[in-house]
Amino acid sequence: MAIQTINPSTNQVVKTFSEMSPEALEAAVAQAETAFGTWRKTSYPERATLLHEVAVLMREHKEQLAQTISLEMGKLIAQARAEIDLSADIFDYYGTYAEGFLADKVLHPEAGEAIIRSSPVGVLLGVEPWNFPFYQVARFAAPNIMIGNVVLVKHASNVPQCAIAIEELFKNAGAPAGVYTNLLLSGARASELAADDRIKGVALTGSEAAGSSIASVAGKYLKKSTLELGGNDAFIVLEDADIDKTVEWAVIGRMNNTGQCCVAAKRLIVVEAVADEFIAKFKQKLEVLKVGDQLDGDTELGPLSSEQAAADIARQVQDSVDAGATVLLGGHRIDREGAFMEATILTDLKPGMVAYHEELFGPVASFYRVANEEEAIKLANDSSFGLGGSVFTSDIERGKRVADQIDTGMVFINHPTWTAPDLPFGGTKRSGYGRELSGLGIEEFVNKKLIRVSALTDPF
Ligand code: NAP
């Protein structure tokens with residue numbers, strides 16, 4: 001894939017970048033390894049100073065950075081600004097709390113002393129997706145740099161200016177060369193790079209295909225990986241939910257980032273008693289969304305990230321319709337230049353149809369009616385993915401009981417699946433393994449080293 005900025009509202013190429021030469025890549029890896037030797041010896045306060053400074057610079061340049069996100073992958077400008085705020089918060093969060101998370105853990109053996117010390121492991125490779133070009137990088141870079149690891153980041157090929165801007169932020173914040181390095185590389189070369197002995201761990205956020213490619217290399221060369229992959233989250237509405245409020249959340253949950261969130265509310269599963277009211281109100285809200293350029297503050301439905309993304313989702317919808325699904329709203333590309341897709345609602349979906357099984361990464365909601373709570377849970381779990389999900393009910397204890405029976409990494413009650421620096425994020429099944437964010441997210445690439453002190457005379 002060419003490394004290019006293409007404005008998805010016009011499909012015009014704005015700027016093209018060259019991939020790194022093999023020599024430049026070798027120099028970047030060597031520099032990262034050298035940097036690790038020094039960075040691992042810095043104190044937590046020194047590392048925290050760097051992260052807080054990155055956060056300061058991000059907020060200072062918020063408008064320019066948000067415009068870059070919006071231009072390159074089509075996010076509505078207000079949501080791009082919110083992404084910068086959230087990313088800065090993640091840097092601050094780890095700057096503030098990492099030392100506590102990584103503090104020595106004192107054990108209490110029968111004799112002598114024992115502690116578990118958190119040590120860095122070395123140079124890490126992060127492969128990141130375009131859908132949240134700053135936030136995804138923050139989730140990986142902030143905790144690992146606080147541990148004392150150093151990071152090489154291969155970003156998605158359609159967000160090169162975002163990728164370069166993040167590296168610049170680190171540089172301007174005073175990061176020593178090699179602590180944070182952007183790699184302008186193809187996906188295939190990133191997988192090859194994972195084999196390099198100097199790389200001690202790999203984290204990928206993206207599709208199942210990319211995850212499988214890089215994790216198989218990591219496995220072959222005996223290094224740890226984490227995978228944050230796709231999802232097909234259920235948004236369950238029970239009969240005792242407040243329907244008006246729930247519909248508002250369903251619109252946000254499905255349409256945020258033009259539907260291109262791994263944890264978007266992709267499957268709306270509504271019990272029969274409230275299904276008609278829910279879907280009528282949901283449809284009313286979707287059909288009036290104002291379509292337009294992502295940089296126009298009045299736009300409510302912008303383009304998808306690329307022409308390919310729009311073509312892919314239109315094909316998934318058409319395949320499902322050909323197999324018997326019903327279109328309640330939309331169903332087609334929007335007749336204008338750019339990567340636009342109509343806000344769409346599909347129903348009458350059955351096993352075997354594309355839209356039943358595959359992730360729909362765009363403004364297309366799948367609507368299912370079920371008889372009761374039990375059927376809702378069964379349907380929610382009938383997915384190869386296991387990322388997030390949500391349950392809407394006025395009975396919180398009931399919501400918790402339902403949440404307990406859903407096989408995913410995250411379940412939210414009375415809110416679509418969401419994110420915050422202090423909440424762990426990640427999935428099960430084909431949505432991947434490992435966690436990012438919170439205290440859990442800093443544990444992935446750490447050597448939990450046991451240091452044991454015995455008296456020379458102790459038997460053990
Ligand atoms: P993608 O094609 O897998 O791209 C993601 C990253 O992987 C890009 O940097 C891409 O580089 C790289 N890549 C592609 N092929 C590769 C390979 N063989 N080896 C190594 N790296 C490779 O994913 P996408 O379709 O653009 O992104 C959307 C997907 O990410 C969705 O499925 C979404 O649900 C998932 N996602 C998951 C989470 C989560 O936290 N679970 C969060 C956000 C997104 P190029 O751009 O150069 O191809």
Side-chain angles (χ1 to χ4, degrees), residues 1-6 8 17 19-20 72-75 83 90 125-140 152-160 162-163 182-195 199 202-218 225-233 256-266 304-306 308-313 316 358-362 383-389 408-410 417-419 423-437 441 444:
M1 194 190 284
I3 302 180
Q4 284 182 323
T5 300
I6 299 177
F17 296 79
E19 253 199 69
M20 295 174 95
E72 291 199 300
M73 52 67 68
K75 194 185 300 272
E83 180 178 340
I90 292 170
L125 172 62
V127 181
E128 303 297 336
W130 47 264
N131 64 340
F132 289 88
F134 279 71
Y135 157 79
Q136 293 293 350
V137 172
R139 289 185 356 173
F140 166 65
L152 298 168
V153 176
K154 180 267 180 283
H155 217 320
S157 293
N158 58 336
V159 289
C162 290
N182 176 47
L183 304 177
L184 286 175
L185 280 188
S186 68
R189 281 179 72 198
S191 273
E192 278 170 29
L193 180 60
I199 291 178
V202 181
L204 178 138
T205 297
S207 61
E208 290 167 87
S212 168
S213 164
I214 207 155
S216 57
V217 176
S225 61
T226 58
L227 297 180
E228 299 276 0
L229 308 178
N232 203 3
D233 286 11
N256 182 37
N257 208 28
T258 322
Q260 302 162 114
C261 296
C262 49
V263 290
K266 292 173 187 133
L304 292 181
S305 62
S306 67
Q308 186 63 49
D312 285 348
I313 197 160
Q316 288 174 302
E358 290 182 10
E359 180 180 39
L360 299 177
F361 219 52
S383 170
S384 57
F385 294 108
L387 194 54
T408 61
M410 303 165 275
T417 320
W418 215 250
T419 184
L423 298 177
F425 196 106
T428 60
K429 294 157 83 176
R430 292 181 70 91
S431 293
Y433 46 81
R435 290 293 181 272
E436 289 185 334
L437 297 177
E444 296 288 357

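Every number for a ligand or one of its atoms is a count from 1 in the order of the listing.
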For [atom], grab the closest protein heavy atom and report residue, atom and distance to one decimal in Å.
| atom | result |
| --- | --- |
| atom 10 (C) of ligand 1 | K154 CE, 4.1 Å |
| atom 46 (O) of ligand 1 | S157 N, 2.8 Å |
| atom 37 (C) of ligand 1 | L229 O, 2.9 Å |
| atom 24 (P) of ligand 1 | W130 NE1, 3.6 Å |
| atom 7 (O) of ligand 1 | V127 CG1, 3.3 Å |
| atom 32 (O) of ligand 1 | E359 OE1, 2.7 Å |
| atom 18 (N) of ligand 1 | S213 OG, 3.2 Å |
| atom 5 (C) of ligand 1 | T205 O, 3.7 Å |

By salt bridge (Lys or Arg N to Asp or Glu O under 4.0 Å), which residues pair with E128, not counting sequence neighbours? none
Suppose I only count heavy atoms of F425 and a 4.0 Å limit; which atoms of ligand 1 are within that range? 39 (C), 40 (O)
Just which atoms of ligand 1 are under 4.0 Å from any heavy atom in H155? 9 (O)
Nearest neighbour of [atom] from the list [options], on a heavy-atom basis:
| atom | options | answer |
| --- | --- | --- |
| atom 38 (C) of ligand 1 | A2, S191, C262, S306 | C262 |
| atom 1 (P) of ligand 1 | P129, G231, S207 | S207 |
| atom 44 (C) of ligand 1 | N131, V202, N232 | N131 |
| atom 40 (O) of ligand 1 | E436, E192, R139 | R139 |

Distance flag, aromatic centroids of F361 and W130, threshold under 6.0 Å: yes
Residue part near ligand 1, for [X], under 4.0 Å between non-hydrogen atoms:
| X | value |
| --- | --- |
| L387 | side chain |
| E208 | neither |
| F132 | neither |

Picking from N257, T258, T205, what satisfies side-chain contact (heavy atoms from CB on, under 4.5 Å) with N131?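 Passing option: N257.
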Between F132 and N256, which heavy-atom pair has the shortest distance, and what is it? CZ-ND2, 4.5 Å
Considering all heavy atoms, the nearest S306-P8 contact: N-CB, 4.3 Å
Compare all side-chain heavy atoms of T226 with those of E444 and state whether any distance is below 4.5 angstrom.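 Yes, their side chains come closer than 4.5 Å.
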Less than 4.0 angstrom from a charged side-chain N to a carboxylate O is my criterion; do E228 and R435 meet it? no
How long is the gap from CG on L227 to CG on L204, to the nearest 0.5 Å? 6.0 Å
D312 and Q308 side chains, donor-acceptor separation under 3.5 Å: yes
Regarding S383 and N232, is there a side-chain donor-to-acceptor distance under 3.5 Å anywhere? no
Is there a polar contact, in the sense of an N or O pair closer than 3.5 Å, between Q136 and ligand 1? no
Is the side chain of T5 donor-acceptor paired with the backbone N or O of E72 at a distance under 3.5 Å, no angle test? no
